Amino acid sequence: MNVKEALQLAKKRLKQCEIESYAIDAKLILKKATALSEVELYTKENVVLTQEQQSIFLYDLEQREQHKPMAYITGICEFMGLPFVVQEGVLIPRADTETLVETVLQYHKKEHFTKIIDICTGTGCIAISLAKYSNIALCGTDISNIALETAQKNAQKNHVLIKWLQSNLLESVPKQHFDAIVSNPPYIATEEIQTLMKSVKDFEPHLALDGGKDGFYFYQKIVEQGKQYLKQGGWIFFEIGYQQANAVCNILKQNGFLNHMVYQDLAGLDRVVAAQKPFSAIKTS
Ligand code: GLN
């Protein structure tokens with residue numbers, strides 16, 4: 001099989017599987033197997049694939065036909081203009097999450113954060129991009145080993161130093177005060193997971209998606225535990241599901257947080273909630 005035939009075959013098979021991005025994905029799969037550049041796919045179209053290249057190509061093609069996300073096939077994705085490695089077992093960073101990072105950076109201009117913790121860090125995309133685009137000291141936690149391994153690789157890849165801790169939320173984090181807590185926790189209601197796209201529900205870790213019965217389990221826990229870890233006047237920033245703003249603001253209010261703000265993603269959907277821990281009440285007696 002030569003390059004031209006391989007490309008045609010991949011496009012045809014992915015289109016048949018109703019994969020919308022079939023043309024781009026076909027190229028990516030072929031580029032990965034052959035190490036050819038975009039231009040070479042056309043200037044070297046008569047070059048015959050080696051046995052090894054062909055078997056990698058056919059294997060990846062089959063995986064994509066089963067709707068495995070491209071990021072798991074190529075092992076790489078982009079977030080905030082930075083490269084991140086990903087592997088199965090860790091959530092693929094989403095463009096929506098850039099709204100969360102941008103909101104924190106916006107608040108930083110006024111608040112001058114020095115120390116932030118990112119809870120449920122996954123690939124580390126939030127902590128790493130905050131560290132890359134500011135001088136804030138970052139700590140990232142996750143319960144999953146594979147997430148922390150990936151996050152460590154990503155910090156190296158992006159040349160930033162971050163303190164990683166394996167912890168169930170804040171349980172194993174030594175007592176200290178942060179200027180802000182940031183988190184994109186799992187927030188899909190358990191029974192909704194089955195309604196997600198095949199590429200998500202069959203391939204991405206449910207541990208990183210499942211937000212409990214109503215989807216709010218982790219917000220509740222992080223707010224309750226987080227109060228003790230925030231300095232007075234410290235901030236909490238959450239990514240939320242587009243219909244969760246009111247409920248998450250209520251959890252924050254019930255826990256004494258003030259100054260709630262809701263921010264939208266590029267699609268105009270509610271995506272981020274920010275709120276502030278009060279400064280201590282002035283004693284009146
Ligand atoms: N913080 C990571 C991300 O935004 C992982 C989120 C998660 O595991 N729910 O991609």
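Keep in mind it's a predicted model, so treat the numbers as computed, not measured. By convention here, the first residue in the shown sequence is residue 1. Ligands are counted one by one from 1 in listed order, and the atoms in each one are counted from 1 as well.
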Between Y22 and K11, is there a cation-pi geometry (under 6.0 Å to ring centre, at most 45° from the normal)?
no
Are V101 and V262 connected in the hydrophobic side-chain network, where two residues link if heavy atoms are under 4.5 Å apart?
no
Donor-acceptor under 3.5 Å (N158 side chain, P83 main chain)
yes
Measure up the H108 and F113 rings against each other and bin them: parallel (under 30°), tilted (30 to 60°), perpendicular (over 60°).
parallel
Would you mind listing each N/O atom of ligand 1 next to any protein N/O under 3.5 Å, plus the distance?
from, atom 1, to, atom 2, distance (Å)
ligand 1, 1 (N), C120, O, 2.9
ligand 1, 1 (N), T121, O, 3.4
ligand 1, 4 (O), N184, ND2, 2.8
ligand 1, 9 (N), N184, O, 3.1
ligand 1, 9 (N), A208, O, 2.9

Take the angle between the ring planes of Y107 and W235 and call it parallel below 30°, perpendicular above 60°, tilted in between.
perpendicular
Can D96 and R271 be counted as an ion pair, charged N to O under 4.0 angstrom?
yes
